[in-house]
Amino acid sequence: MELDLLQHYWWLIIAVLGAALVFLLFVQGGQSMLYCKTDDISRNLMVNSLGRKWELTFTTLVVFGGAFFASFPLFYSTSFGGAYWLWMLILLSFVVQAVSYEFRRKQGNLYGTRTYDAFLMFNGFFGCVLLGVAVGMLFFGAEFTVTKSNILDAGSPFISKWASTRGLEAIADWRNLLLGLAVFFLARTQASLYFINNIRHTEQFAARLRRRTLVNGLIFALLFVAFLIVLALADGLRAADGGTFTEVPNIFLSNLCDMWPLAILLALGVVMVLYAIARTAFCSTFTKGIWFSGIGTVLVVIVLLLLAGYCDTAYYRSLLDAGSSLTIANSSSSLFTLTVMSYVSVLVPFVLAYIWYVWHKMNKKPLTSRELDNDSHQY
Amino acid sequence: MNDLLATVDWSRAQFALTAMYHWLFVPLTIGLSVIVAIMESIYVRTGDAKWKGITKFWMTLFGINFACGVATGIILEFEFGTNWSNYSWFVGDIFGAPLAIEGIVAFFMEATFVAVMFFGWEKVSRRFHLAATWLTAAGVSLSALWILVANAWMQNPVGMIFDPDQMRNVMDNFTQVAFNSVAMNKFFHAVFSGWVLAAVFVIGVSSWLLWRKRNVDTARKSLKIASWFGLIGIVMTIWTGDGSAVEVARVQPMKLAAMEGLYDGAKGQSLVGIGILNPDKKLGDKLDPMLFEIAIPKGLSILANHDADSFVPGINDLIEGRAINEAGDTVSTVSYAERIAAGKRAQEALRAYGEARKAGDTAAMQRAKDIVMANFKYFGYGYFDRADEAVPPVALTFYSFRVMVMAGGYLMLLFILLLFICYRRTAVLEKAWLHWAGIISIPVVWICSQAGWVVAEVGRQPWVIQDLMPTRAAISDVTTGSVQLTFWIFAILFTMLLAAEISIMLRYISRASKKDIQQTH
């Protein structure tokens with residue numbers, strides 16, 4: 001297979017994994033709502049509902065990182081090593097999440113249920129916002145340089161160098177933050193949709209979730225429209241011959257025009273999300289919103305990531321030195337490795353199939369407080 | 001330079017801290033997942049509900065531990081990027097693949113089926129649930145396989161070629177990477193050591209139940225399964241450990257010399273059974289490296305080469321490039337001075353290659369490339385000025401190896417003794433000394449397990465990739481202060497989580513022991 005084809009194929013896989021991750025962030029969105037006018041029974045139902053899915057989100061994040069490492073190692077080394085504090089904060093939020101479900105109501109947990117719930121809320125907010133910020137850098141660039149020959153300098157062998165703020169400056173960029181907040185409110189919207197689908201409790205509980213779907217959905221829609229406008233106006237770099245780059249105004253809009261079928265997918269995805277929000281908010285018997293919203297989210301995120309990486313666009317633009325910018329061509333693994341990994345990627349449909357099968361089996365009956373009372377293993 | 005080395009040391013300390021914490025939880029997950037699957041298989045096969053209760057008891061403990069393993073594991077994968085970013089580019093083309101495969105093949109399997117394990121009892125059929133339990137166990141071991149393939153590649157880099165255009169190594173043979181002989185031994189050694197650890201955990205908890213005379217039948221049943229499981233585990237661990245020793249002698253002879261505190265090797269080299277190193281010993285002096293030792297004649301030659309009369313080089317032999325061949329003649333190998341010179345030649349030529357490339361001088365590029373490739377085997381030595389910079393810490397490696405071996409020997413005797421008692425002297429199962437032996441063995445097995453990793457990882461210093469990249473060339477452009485801060489954050493956080501896990505486990509065991517475990521469905 002051609003290197004160019006494989007680079008595009010692997011960027012698509014990265015986009016699909018990223019899209020799946022954004023969808024599964026409904027777990028984080030749900031965690032952020034644990035103390036929003038919620039009684040103990042409702043809270044435990046929400047935690048136990050999310051607790052059966054949190055590992056999928058966590059695993060998708062890990063696989064997303066692993067796939068990036070394997071297919072675009074220069075991004076991995078530049079971003080993670082450079083935006084040190086941004087990534088460390090993201091990771092810390094996921095570390096405390098990982099124990100919180102299992103520990104929160106166990107006797108002897110030392111720090112009390114509220115501490116673990118606070119961990120879940122911390123992950124719920126910062127996990128979403130900071131991941132959004134990290135993804136925002138794919139569109140708006142970051143302050144780094146790449147000089148591979150530095151590895152021969154024994155006194156200062158760093159290939160990738162970053163601004164002295166080590167990723168904190170990315171959080172301060174309002175455009176990244178805009179995307180981060182959009183991701184956060186999308187996650188909360190989807191969490192409400194997921195709870196409506198997965199939990200059977202009181203009428204009041206369901207009504208509250210439908211209200212939350214509407215409120216969070218509207219805030220998300222406003223933020224997302226703002227992000228789309230900023231994105232459409234953003235300039236970027238396009239790789240030219242000889243490893244140089246040229247500045248292109250409205251580059252993402254230009255990419256969308258060049259790859260017009262993506263515009264259809266983007267519109268379809270947005271409509272599906274809006275349909276899920278509107279119908280769930282105004283139709284008290286509709287519970288399938290999470291699926292419309294989920295598929296819509298996946299479509300939108302795939303399109304956005306393809307706009308960032310395809311058409312020779314610098315998906316990681318250096319704001320300090322244009323020549324250091326990363327494209328899928330100059331940051332990828334070798335032809336051999338991408339080929340091997342492509343064979344491995346054949347397994348992905350099998351993985352998706354058994355995840356879907358197990359999800360279907362486990363979610364066939366909605367979660368109720370009675371089931372929770374009878375379950376020996378509960379969070 | 002001093003600031004660079006401080007960052008390197010703190011980055012190493014952080015990786016060691018997070019890896020050691022992770023390895024507190026992972027071996028228990030590896031072994032206990034199989035023990036739980038065996039118990040559930042008995043339940044499904046016999047239909048005897050008391051086995052369901054026993055399975056659920058151990059499964060709950062598995063779940064508490066699993067959470068901490070997951071929490072501490074995510075840091076490790078991303079630390080390759082956050083703290084070792086040069087490494088991530090220099091060999092990411094090879095190293096990234098096993099990590100991605102681990103995620104796709106193993107992590108999703110674990111994450112999906114572990115939910116069925118815990119919440120699927122009433123939602124899926126018995127057989128489906130049993131399959132989920134076994135698939136979780138398989139996922140855990142598959143995960144270990146790929147991460148150990150990656151780790152083994154760092155110790156024995158094969159299946160790749162250096163690309164001077166990109167200043168990195170690229171994979172050219174996946175089979176060599178995946179079936180690296182070091183990886184196979186390392187995988188089975190690590191997984192079976194996990195079986196041993198989990199077996200001792202079950203024995204320890206069961207011993208406590210017997211001591212308190214609570215759920216005696218559950219404790220006896222668990223004890224018997226764990227003893228068999230542990231015995232199989234320890235035999236396989238020793239066998240694969242022997243294979244690992246041969247591999248270390250072949251690809252990392254300096255590590256073996258450090259493990260033995262051996263400075264001057266010999267034919268028919270003895271093995272230090274018990275010994276105390278001379279703390280005043282310095283490289284190049286004439287002091288005896290040992291203050292005291294009880295040696296096993298020809299032991300190290302047998303261990304390293306499976307040949308009682310073979311030569312095993314010491315640290316001085318390796319540095320000076322001295323060996324003794326089968327005919328008994330002293331012959332020259334590549335000394336560390338030559339390796340350092342070769343490494344510097346490779347690095348200088350790589351600089352020249354870059355200059356020639358900029359100038360578009362293809363003939364000069366080819367000349368430089370030829371020099372790079374001819375000397376690349378020792379590329380990493382080019383970062384050193386003195387031979388002693390490429391010698392690992394001897395004392396820590398030496399003592400850790402002995403702790404591991406002695407604890408492993410004790411555990412083997414424990415399993416044999418317990419099986420003898422379970423089948424031939426059941427009355428002894430009521431003796432308090434036996435209960436305490438079981439309980440005290442819990443910290444012993446964890447110390448054994450940690451010591452094994454200290455041998456493997458400290459013994460290979462200063463290399464992050466054997467002979468090709470020292471730790472000082474592998475790190476990220478991060479300030480020492482930043483790494484110090486994250487080190488302490490992880491140290492405090494992981495200690496808090498460990499304390500919570502132990503507390504929850506103790507409370508759960510105590511509470512569950514007061515009820516009839518076999519009736520807890």
Side-chain angles (χ1 to χ4, degrees), chain A residues 52 55-56 58-59 62-63 65-67 69-70 73-74 76-78 80-82 84-85 87-88 91-92 94-95 98-99 102-103 106-111 148-149 151-152 154-162 166 333-334 336-337 340-341 344 347-348 351 354-355 358 361-362 375-377, chain B residues 1 4 56 60 63-64 67-68 70-71 74-75 77-78 81-82 85-86 88-90 92-93 96-97 99-105 107-108 111-112 114-116 118-120 123-124 167 170-172 174 347 350-351 354 383 473 476-478 482 486 493 497 499-500 503-504 506-507 511 520:
Chain A
R52 296 164 191 207
E55 277 211 52
L56 279 178
F58 195 94
T59 302
V62 173
V63 176
F69 194 2
L74 193 55
Y76 193 87
S77 68
T78 301
F80 285 86
Y84 188 79
W85 281 110
W87 288 109
M88 279 296 175
L91 293 174
L92 279 170
F94 278 88
V95 168
V99 293
E102 190 64 41
F103 286 10
K106 291 274 191 302
Q107 287 184 18
N109 68 18
L110 296 182
Y111 316 114
K148 290 174 191 167
S149 59
I151 202 167
L152 297 170
S156 179
F158 313 114
I159 291 172
S160 302
K161 294 188 178 182
W162 201 276
R166 302 289 189 283
S333 281
S334 64
F336 185 89
T337 296
V340 169
M341 291 302 301
V344 175
L347 292 172
V348 170
V351 173
Y354 72 65
I355 290 174
V358 168
K361 279 263 185 194
M362 297 293 289
D375 200 331
S376 60
H377 194 103
Chain B
M1 190 60 147
L4 172 72
K56 280 193 161 185
T60 301
I64 295 164
C68 266
V70 172
I74 190 171
I75 293 296
E77 177 188 335
F78 288 99
T82 54
S85 67
N86 269 15
S88 296
W89 172 247
F90 194 60
D93 193 67
L99 291 194
I101 297 171
E102 181 192 19
I104 293 168
V105 174
F107 284 161
F108 276 121
T112 306
V114 82
V116 182
F118 290 126
F119 305 106
K123 290 178 183 281
V124 298
M167 294 232 178
V170 293
M171 188 168 19
D172 69 349
F174 180 70
Q347 294 191 5
L350 192 54
R351 270 187 215 100
Y383 289 98
S476 303
D477 177 27
V478 187
S482 294
T486 48
L493 182 62
L497 298 185
S503 170
I504 291 169
L506 292 177
R507 189 70 71 90
R511 201 163 47 90
T520 312

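To find a chain, count down the sequence lines: A is the first, B the second, and so on, and within it residues start at 1. Atom set for the values below is all heavy atoms of this structure, side chains included, hydrogens, waters and symmetry mates excluded.
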Identify which of [options] forms the greatest number of heavy-atom pairs closer than 4.5 Å to chain B.
options                        : answer
A:L347, A:V348, A:L92          : A:L92
A:V340, A:V344, A:N109, A:I151 : A:I151
A:M88, A:K106, A:M362          : A:M362
A:Y354, A:F58, A:W162          : A:Y354

What's the shortest heavy-atom distance between [X] and [Y], and which atoms?
X      : Y      : result
B:V114 : A:E55  : CG1-OE2, 3.2 Å
B:T82  : A:W87  : CG2-CB, 4.2 Å
B:N86  : A:S160 : OD1-N, 4.5 Å
B:S482 : A:W85  : OG-NE1, 3.3 Å
A:G81  : B:S85  : CA-CB, 4.0 Å
B:E77  : A:Y76  : O-OH, 2.6 Å

Would you mind telling me which of [options] has the largest number of heavy-atom pairs within less than 4.5 Å of chain A?
options                        : result
B:G120, B:A100, B:A473, B:A115 : B:A100
B:V124, B:T60, B:L350, B:V105  : B:L350
B:G103, B:A97, B:G81, B:G354   : B:G81
B:G92, B:S503, B:C68           : B:S503

* Asked: chain A heavy atoms under 4.5 Å from B:L506: which part of the residue, side chain, backbone, both or neither?
  -> neither

* Asked: Where does B:M171 contact chain A at under 4.5 Å (heavy atoms): side chain, backbone, both or neither?
  -> both

* Can you list the residues that meet the side-chain contact (heavy atoms from CB on, under 4.5 Å) rule with A:L56, with sequence neighbours excluded? ->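 Partners of A:L56 by the side-chain contact (heavy atoms from CB on, under 4.5 Å) criterion, ordered by chain and then number, come out as A:L24, A:K53, A:I355, A:W359, B:F108, B:T112.
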
* Can you name the side-chain contact (heavy atoms from CB on, under 4.5 Å) partners of B:Q347, sequence neighbours left out? ->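 Here the qualifying residues are A:L152, B:R351, B:F379, B:Y383.
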
Is [X] in contact with chain B via its backbone, its side chain, both, or neither, using a 4.5 Å heavy-atom distance?
X      : result
A:R166 : side chain
A:V351 : side chain
A:S149 : both
A:E102 : side chain

With side chains defined as the heavy atoms from C-beta onward, is the minimum distance between [X] and [Y] less than 4.5 Å?
X      : Y      : answer
A:T78  : B:W89  : no
B:I64  : A:F103 : yes
B:D172 : A:S334 : no
A:F336 : B:V170 : no

* Asked: Any sub-3.5 Å donor-acceptor pair from A:S77's side-chain atoms to B:S88's backbone N or O?
  ->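 Not confirmed, A:S77 side chain does not pair with B:S88 backbone.
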
